[in-house]
Amino acid sequence: MWPDRRLIDLFKTEFPIVLAPMAGVMDAELVIAVAEGGGLGSLPSAMLSPEKAREQVNIIRQRVKAPVNMNFFCHTPVDLTTEAEARWKQRLTGYYTEHGLDPAAPINAANRAPFDAAFCEVVEELRPEIVSFHFGLPEQALLKRVKAAGCLVISSATTVKEAVWLEERGVDAVIAQGAEAGGHRGMFLTDKISEQPGTFALVPQVADAVKVPVIAAGGIADGRGIAAAFALGASGVQIGSAYLRCLESKVSAGGRKALAEARDDSTVITNVMTGRPARGVQNRLMREAGPISPEAPPFPHAATALGPLKAAAEKQGRVDFTNLWAGQAVALGREVPAAELTRDFAKSALVRMKALAG
């Protein structure tokens, strides 16, 4: 019934719907629910230790017989200089004082590690059906090991040039991430966020430029968006924001309230939360220190000093310093079980496509 079955046949899922890996607000429970609904569940692993990643995948395997996607970051780590740390701490001092916190107190470093040999060993051991990467691909030797383990490889592209680069290096599918998408921009061949095309412009150009299946991402939150993605040449979609209010997500109570109140203009691209451009629901820090600030240390170091502030504000039910990553269609999200939402996505998309074809 789907006009393009390449992704369904590749992933061996019921529907061509991929759950976006959303680090910090989900775990195995949401992966399992989307898999039960017929989509591809994705486990965000960039903030997990190898041991925790093993535990999460084992939980998924025990609950569902479905393909699993493990997602990793591929950024090049940048050291935090003393000057950059001091400048950022100085910018945040007023917030620390307001919340009765000591800016000089030791803080645990932000944990967002790039894919390395240790994670590669986990992949070789667990053999997830799919491994996805953000910010490009790992070094060639590691990529070869992932493929030798029998895993399909996919990665995000924010431009046609990035999509072609990925295909040339052997990916099995390309995620075309439009500017509307929530979370970190997957860009790796450019840092010019002002030039990033939207999903409607990006997807057909990527589909024309590569032979592998294209997964549309950004601004897709219901059957209408899925039907549009297929009309543009995509073989499937990746959806994240629409799942944030599902029963299985780990978004805090304050975060859920902010998401429920979000509108079409509630998100911005910012670097003040982690040091790297990402789209999220605008909060107090984004308004007062950003959204783009030269004072923010490089990724992921900006997040380190925000840890105590985030915890203090969330205790009061506020998300002033919380990175609620979400895309421009976040207002279309619903509070329902994720399996039910996934099936509804597929059903409504097929109805829409049938009506358009008729």
Side-chain angles (χ1 to χ4, degrees), residues 6-7 10-11 18 20-23 40 42 44-46 69-78 112 114-115 130-144 146-147 151-220 229 232-240 269-271 274-279 292 298-300 325 327-328:
R6 287 190 297 163
L7 204 70
L10 184 66
F11 291 165
V18 179
M22 299 178 287
L40 175 65
S42 304
S45 304
N69 170 32
M70 292 185 72
N71 173 260
F72 300 95
F73 285 171
C74 289
H75 61 285
T76 300
V78 177
R112 290 171 177 81
F115 188 75
I130 299 100
V131 175
S132 63
F133 295 106
H134 214 49
F135 313 134
L137 291 169
E139 61 182 74
Q140 192 64 28
L142 293 177
L143 186 61
K144 285 183 178 179
V146 171
K147 284 183 162 290
C151 308
L152 297 170
V153 173
I154 62 177
S155 186
S156 298
T158 63
T159 64
V160 171
K161 185 178 180 180
E162 288 178 344
V164 172
W165 188 95
L166 292 172
E167 184 180 49
E168 289 173 346
R169 283 152 184 80
V171 300
D172 297 285
V174 169
I175 302 164
Q177 186 195 37
E180 301 94 324
H184 285 100
R185 308 301 306 146
M187 56 190 183
F188 56 92
L189 295 182
T190 179
D191 59 3
K192 298 177 180 178
I193 57 175
S194 62
E195 297 178 1
Q196 300 279 287
T199 305
F200 226 74
L202 180 64
V203 171
Q205 294 182 78
V206 170
D208 286 347
V210 301
K211 295 182 175 62
V212 296
V214 175
I215 302 167
I220 301 169
L232 295 171
S235 301
V237 297
Q238 179 170 279
I239 299 176
I269 292 179
T270 181
N271 72 335
T274 67
R276 193 173 184 121
R279 182 179 293 282
I292 299 295
F299 180 82
W325 299 143
Q328 291 181 326

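Across I269 and P277, no two heavy atoms sit closer than the pair CG2-CB, 3.9 Å. A pairwise comparison of heavy atoms in V203 and A176 identifies CG2-CB, 4.1 Å as the closest pair. What you find for Q196 and T159 is that their closest heavy atoms are NE2-CG2, 4.2 Å. A pairwise comparison of heavy atoms in A229 and I220 identifies CB-CD1, 4.1 Å as the closest pair. Taking all atoms of both residues into account, the shortest heavy-atom contact from T274 to W325 is CG2-CZ2, 3.8 Å. Taking all atoms of both residues into account, the shortest heavy-atom contact from R279 to Q328 is NH1-NE2, 3.5 Å.
Side chains of S132 and N69: a donor-acceptor N/O pair is present below 3.5 angstrom, by distance only. Using modelled atom types, one finds no donor on one side chain facing an acceptor on the other under 3.5 Å when comparing T158 with R185.
Counting heavy atoms from C-beta on, the side chains of F299 and V78 never come closer than 4.5 Å. The shortest side-chain heavy-atom distance between V171 and I154 does not fall under the 4.5 Å cut-off. No side-chain heavy atom of I130 sits less than 4.5 Å from a side-chain heavy atom of V18.
Between the side chain of E167 and the backbone N or O of V212, at least one donor-acceptor pair lies under 3.5 Å.
Note: Q238 CD to S156 OG = 6.0 Å, rounded to the nearest 0.5 Å. Taken from NE2 in H75 to NE2 in H184, the straight-line distance is 9.5 Å, to the nearest 0.5 Å. Rounding to the nearest 0.5 angstrom, the gap separating the NE2 atom in H134 from the CD1 atom in I175 is 8.0 Å. The structure places CD1 of I292 at 4.0 Å from CG of N271, a figure rounded to the nearest 0.5 Å. Remark: L143 CG to R169 CZ distance equals 10.0 Å, nearest 0.5 Å. Within the model, atoms CD of Q177 and OG of S155 stand 10.0 Å from one another, a figure rounded to the nearest 0.5 Å.
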- Let me see the working for K147 and D172 under side-chain contact (heavy atoms from CB on, under 4.5 Å), right down to the final yes or no. CA-CA 10 Å; K147 284 183 162 290; D172 297 285; 3.5 Å; yes
- Task: Go through the steps to decide whether I193 and M187 satisfy the test side-chain contact (heavy atoms from CB on, under 4.5 Å), and finish with yes or no.
- Result: CA-CA 9 Å; I193 57 175; M187 56 190 183; 3.2 Å; yes
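A side-chain contact (heavy atoms from CB on, under 4.5 Å) with I215 is found for exactly one of V174, V206, L7, L40, namely L7. Among F135, F133, W165, the single residue meeting the ring-ring contact (aromatic ring centres under 6.0 Å, His included) criterion with F188 is W165.
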